[in-house]
Amino acid sequence: MNQVCGENDLPEIQRLTRAYARFWQDARGLGHVLGGGLLLFSLYLVDHVRLGVFGRLGLGAAPFAWIYCRSWLRDHYYQASGRVVERQKRWEQVVQSLLTGIVALVSLAAAGFLSYGLWRSFSWWSVPGSVVCLLLLLAMPFLVWRHLRAPYEFVVGTALFALSGLLLSGSPLIGTAPSGLVRGFMAMAKVVALVMVLVGVTEHASFLKLRRRMRVLTGAA
Amino acid sequence: MRADVEHLLTLDRVIHEPARLAILTILAEAEEVEFRFLENVSGLTKGNLSGHIAKLEQAGYVEVRKFFRGKIPATALKLTPAGRAAWKGYRQQLKRAL
């Protein structure tokens with residue numbers, strides 16, 4: 001049976017709402033653990049295993065499954081007591097717009113480069129892969145705007161979707177030795193993925209505490 | 001002393017009620033809040049909560065949005081700019097009075 005909160009509870013309600021609202025977008029808990037783990041696993045597979053068609057398709061589709069799982073976790077686990085949309089700070093909006101703008105520019109340039117390459121040396125075999133890659137490139141700014149807000153989420157998410165583009169388009173780059181620049185980016189992405197896993201574990205622990213506080217406040221068993 | 005009493009007398013009566021104060025405290029910390037969360041955290045009954053929300057909506061302090069989650073109807077609330085300003089004003093007045 002719920003108790004009606006008193007005026008003395010107001011500061012606690014305030015803190016609790018703020019902490020709970022973070023699980024709308026900022027704190028993903030197990031979603032972050034999944035994302036970081038998925039990137040580490042994907043990079044390991046690409047480096048050490050010769051992937052067949054189904055392996056490429058499965059691994060290429062995994063980032064979309066990750067985005068779906070995060071939303072599912074939020075709606076059915078972290079915010080199961082009702083949806084609370086977090087207030088975005090001004091600087092967060094600026095960072096988000098900046099990252100989306102950069103990704104939009106890079107995606108447009110890559111899409112132009114890909115289309116030009118397709119037009120110069122056209123072959124029907126390369127059409128399906130190029131179309132998949134183009135669609136993913138055009139969707140990237142939306143994915144970043146909607147789903148990849150935190151800086152580590154941005155690094156891990158863009159690495160996952162870039163890998164997904166290469167896998168789904170059947171790019172010959174998979175399975176060949178990467179250039180120095182790509183190796184550097186992959187090393188950085190691995191470190192950020194590890195950080196994201198740790199952040200996710202910490203957030204999950206703070207959620208468990210929050211849930212206990214909510215139970216105490218509402219007098220639930 | 002007299003000024004303090006005046007501050008108290010000019011407090012916004014729509015906000016200066018424990019249940020509505022709790023509702024606004026929750027709404028002020030988020031962009032949008034689902035009715036279910038308000039009900040869980042405030043401990044108010046559905047009917048009581050609806051009554052208070054109607055008063056806040058009438059004053060132009062909150063905006064109510066109805067939507068469907070799958071096939072289930074849901075309600076979400078957010079503070080209007082006027083509501084946020086009134087909430088800030090109320091807190092300042094109360095601080096000055098105490």
Side-chain angles (χ1 to χ4, degrees), chain A residues 1-27 68 71-93 96 145-146 149 206-207 209-221, chain B residues 11 15-53 62-81 83-84 87-88 90-91 94-95 97-98:
Chain A
M1 180 71 189
N2 282 4
Q3 299 160 348
V4 177
C5 67
E7 282 181 60
N8 295 338
D9 295 328
L10 291 181
E12 173 63 357
I13 286 183
Q14 210 168 13
R15 281 191 293 270
L16 196 139
T17 306
R18 209 178 303 143
Y20 185 88
R22 280 193 66 229
F23 287 91
W24 171 254
Q25 183 98 45
D26 192 25
Y68 175 79
S71 302
W72 190 92
L73 274 171
R74 180 188 66 199
D75 294 342
H76 295 89
Y77 183 66
Y78 290 116
Q79 292 213 339
S81 302
R83 190 183 288 188
V84 177
V85 181
E86 156 186 41
R87 290 195 77 193
Q88 206 179 9
K89 293 178 193 86
R90 184 82 194 115
W91 70 266
E92 287 174 332
Q93 287 173 347
Q96 192 188 7
W145 175 258
R146 187 86 175 76
R149 258 173 45 169
S206 77
F207 170 76
K209 272 187 202 158
L210 174 71
R211 196 168 60 175
R212 277 196 294 274
R213 273 165 57 201
M214 274 180 77
R215 282 182 178 160
V216 169
L217 185 81
T218 58
Chain B
L11 277 175
I15 303 178
H16 195 66
E17 197 282 332
R20 290 198 285 273
L21 196 58
I23 294 169
L24 288 180
T25 303
I26 294 167
L27 292 180
E29 292 302 320
E31 191 60 42
E32 192 177 64
V33 177
E34 203 177 330
F35 186 91
R36 205 151 49 98
F37 180 79
L38 278 173
E39 195 189 341
N40 275 327
V41 173
S42 69
L44 295 163
T45 60
K46 271 193 180 78
N48 207 348
L49 192 54
S50 297
H52 287 299
I53 288 169
V62 300
E63 200 181 298
V64 179
R65 183 173 71 91
K66 306 264 182 197
F67 64 100
F68 278 90
R69 185 186 285 152
K71 287 181 180 172
I72 304 162
T75 307
L77 296 103
K78 68 190 281 186
L79 272 185
T80 61
R84 207 165 277 284
W87 168 245
K88 269 186 191 165
Y90 172 82
R91 287 182 60 166
L94 202 61
K95 261 184 202 163
L98 297 174

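So you know, we letter chains A, B, ... as the sequences are listed, proteins then strands, and number each from 1.
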Does atom CZ of Arg90(A) have more than 12 heavy-atom neighbours from other groups under 6.0 Å away?
no
May I ask you to test the Phe37(B)-Met214(A) pair for a side-chain heavy-atom distance under 4.5 Å?
yes
Write down the atom of Arg84(B), the atom of Arg87(A), and the distance for their closest heavy-atom approach.
NH1-NH1, 2.9 Å
Shortest non-hydrogen pair, Ile26(B) vs Thr17(A), comes out as O-CG2, 3.5 Å
Using non-hydrogen atoms and a 4.5 Å limit, figure out which bit of Glu86(A) sits close to chain B: side chain, backbone, both or neither.
backbone
For Ala80(A), is it the side chain, the backbone, both or neither that has a heavy atom under 4.5 Å from a heavy atom of chain B?
backbone
Atom CZ of Arg65(B): over 12 foreign heavy atoms under 6.0 Å:
yes
Can any side-chain N or O of Arg83(A) pair as donor or acceptor with the backbone N or O of Arg36(B) at less than 3.5 Å?
no
State, to 0.1 Å, how close Ala30(B) and Val84(A) come at their nearest heavy-atom pair, and which atoms those are.
CB-CG1, 3.5 Å
One should read off an interatomic distance between Thr25(B) OG1 and Leu10(A) CG, to the nearest 0.5 angstrom, of 4.5 Å
Could you look at Ala74(B) and say if it's the side chain, the backbone, both or neither that has a heavy atom under 4.5 Å from chain A?
neither
